[in-house]
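Side chains are part of it too, since the values below use all heavy atoms of this structure and drop only hydrogens, waters and symmetry mates. Just follow the structure's listing: the first ligand is 1, and inside any ligand the first atom is 1. Not measured: the values here are computed from a predicted model.
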Amino acid sequence: MDVTTLTLTQLREALRRKEISSVEVTQAMLDRIVAADNEIQSYLTISDELALAQAAEADRRRAQGDDSPLLGVPVAIKDIICTKGIPTTAGSKILENFIPPYDAFVVEKLKDAGAVILGKTNTDEFAMGSSTENSAYVVTRNPWDKSRVPGGSSGGSAAAVAAHLAYAALGTDTGGSVRQPASFCGVVGLRPTYGRISRWGVIAFASSLDQVGTFGRTVADCTALFQVVAGYDRRDSTSLNVPVPDYEAALTGDIKGLRVGVPKEYFIEGIEPEVETAVRAAIAKLEELGAEIHEISLPHTRYALPAYYLIAPAEASANLGRYDGIRYGPRVPGKDMIDTVKQTRALFGPEVRRRIMLGTYALSAGYYDQYYGRALKVRTLIKNDFKTAFEKVDVIAAPVSPTTAFKIGERVNDPLSMYLADILTLPVNLSASCGLSVPCGFDSNGLPIGLQLIGDTLAEATILNVAYAYEQATSE
Ligand code: GLN
């Protein structure tokens, strides 16, 4: 049996039945990473010694009768999430060699559940990007076509799961960074409702938009990881103090009578015809499974991109102020303190600098109302669009990204075309909804296409179940 090809849920059963030990599985995964990740470059750090120690501990716990949900299951973590004792760079030179003294909330949750941490996955610097090419370290390749990007910013996590280099992985989604790479790599990616998962210990990009999300090769795998990391935590005052439902039990596959909205504004000019065809076929499949299809309108969709590119950089410019060479990471000594700060901040890459400049400008005196203030008003309009839509439908179905994975290098020098990759995912982040990407076919180049399912506030169970019904009906 090649254990690296098992899904997370299959592995979990094999571990429960003691057909295999966590040490064996972890070693098999680490061997596969050594053999295959040179080409894919999905990992920035492989924490092999720690992983094997965690696996041995999981096997001990199992022998004592422990049956924690992810006991002994090897997973990967995006390198923007703090892991005690394991380097956490956020894909940036400004955090090179930073070893957090504490675990993020989600990592605490993973450890409680018995998961084994294989390592940290590549990301665009501070999660700013849609291709993982903005990482200061390596360029991750799409496992389906190594001349193409895996999407981003959680491209390392998506590629690792797609290439069987982890059974599941954590990412973050501020504007699409879980759903878009999931779509490009043919895996399942969930972006929960803002506040569903505590952000404690997640390096901040845009605090009012950031949210941890989960990747799995199947809907059940993505759900199993989400089940474990969801939750409230008083160290993140924006996390929602509401119970965590049994998401795994909600995967019934029954969607009869469910109302599915198809927003006309999401089938825009610029969308590849093959993407549109695959998504429309998936929607027809949902209808076949008993769902009712309704055309709906989300009229302010076209303002999401400009609003996001004011709000996110504004928040980023404030959040990134702390990297001054005094408190975190490396210091580049200058002739005085100001010069030291300047020299150190020159470690930021071009995209991060662009965002800091945009954000600082948008927040500056005299421009605040005109830019940031207006963007916040647009955000309210977008929220209201979803509110109105969810009075009529239970879920919204749409494409994830207008295109399939593009070539490495094709968009790096054209920020606007890079930003457009997220035009259909950003509205979820600006509103109070949740969204996911589930594979729905391939284009003629053999590249995966994703179906986006959007749910109302805290309706993760609903969208996961729709994705599950679709997956069950379409996988052989
Ligand atoms: N691509 C978007 C950006 O560059 C979203 C990134 C994200 O979700 N972290 O800001």
Side-chain angles (χ1 to χ4, degrees), residues 77-81 90-92 121-136 140 149-158 169-185 189-194 197 199 202-215 304-317 319-320 348-359 362 375 379 400-403 405-406 410-431 433-437 450 452:
I77 300 176
K78 183 178 184 179
D79 207 26
I80 200 160
I81 298 174
S92 182
T121 53
N122 196 19
T123 168
D124 284 301
E125 186 172 3
F126 287 98
M128 297 173 189
S130 307
S131 67
T132 318
E133 290 164 293
N134 294 337
S135 165
T140 301
V149 302
S153 62
S154 315
S157 286
L170 292 179
T172 57
D173 188 316
T174 302
S177 280
V178 167
R179 289 160 289 158
Q180 186 257 16
S183 151
F184 279 18
C185 290
L190 169 70
R191 192 275 185 198
T193 309
Y194 181 76
I197 304 176
R199 289 179 294 114
V202 178
I203 294 173
F205 160 13
S207 304
S208 79
L209 301 159
D210 295 344
Q211 180 63 197
V212 171
T214 57
F215 292 96
L305 191 85
Y308 173 89
Y309 277 98
L310 288 167
I311 296 169
E315 294 183 11
S317 70
N319 275 328
L320 271 53
F348 283 132
E351 184 60 29
V352 174
R353 288 193 225 181
R354 183 179 295 122
R355 306 280 177 115
I356 292 172
M357 285 190 279
L358 280 171
R379 186 171 188 177
V400 175
S401 192
T403 69
F406 43 89
E410 195 180 293
R411 298 195 189 186
V412 260
N413 298 319
D414 181 359
L416 191 58
S417 80
M418 190 69 93
Y419 297 172
L420 284 168
D422 296 308
I423 194 162
L424 305 175
T425 47
L426 299 170
V428 164
N429 303 69
L430 291 168
S431 69
S433 44
C434 54
L436 62 73
S437 174
Q452 185 174 202

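Residues S154 and S177 meet the side-chain proximity criterion, which asks for heavy atoms closer than 4.5 Å. Looking only at side-chain heavy atoms (C-beta outward), L170 and I81 come within less than 4.5 Å of each other. Between V149 and T132, the closest side-chain pair of non-hydrogen atoms is not below 4.5 Å. For the pair L209 and L430, the minimum side-chain heavy-atom distance is below 4.5 Å.
Aromatic ring pairs are classed by plane angle as parallel below 30°, tilted from 30° to 60° and perpendicular above 60°; the pair F184 and F406 is perpendicular.
Annotation for ligand 1: atoms under 4.0 Å from non-hydrogen atoms of M128 are 4 (O). In the vicinity of S153, heavy-atom distances shorter than 4.0 Å reach the ligand 1 atoms 9 (N). Per-residue contacts place G176 under 4.0 angstrom from the following atoms of ligand 1 (heavy atoms of the residue considered): 8 (O).
Using a 4.0 Å cut-off between heavy atoms, F205 contacts ligand 1 through its side chain alone, with no backbone atom that close. Of the heavy atoms in R355, only side-chain atoms (C-beta onward) come closer than 4.0 Å to ligand 1. Heavy atoms of Y309 found under 4.0 angstrom from ligand 1 belong exclusively to the side chain.
Distances from atom 2 (C) of ligand 1 to the heavy atoms of D422, N429, L426, I80 show the closest one on D422.
Between the side chains of R411 and Y419, no donor-acceptor pair is found at a separation under 3.5 Å. For R379 and S208, the side-chain atoms include at least one donor-acceptor pair closer than 3.5 Å.
Within the structure, the closest approach of A312 to ligand 1 does not fall below 4.0 Å when heavy atoms are considered.
Of the protein's non-hydrogen atoms, S177 OG, 2.4 Å is the one closest to atom 7 (C) of ligand 1. The nearest protein atom to atom 10 (O) of ligand 1, hydrogens excluded, is given as Y308 OH, 2.7 Å; this is a heavy-atom distance.
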* Give the C-alpha distance, both sets of side-chain angles, the deciding distance and a yes or no for side chain to side chain donor-acceptor pair (under 3.5 Å) between K78 and S157. => CA-CA 6 Å; K78 183 178 184 179; S157 286; over 6 Å; no
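For a threshold of 3.5 Å applied to N or O pairs, the pair formed by A127 and ligand 1 contains at least one separation below that value. Polar contact check, S130 against ligand 1: a nitrogen or oxygen pair lies under 3.5 Å apart.
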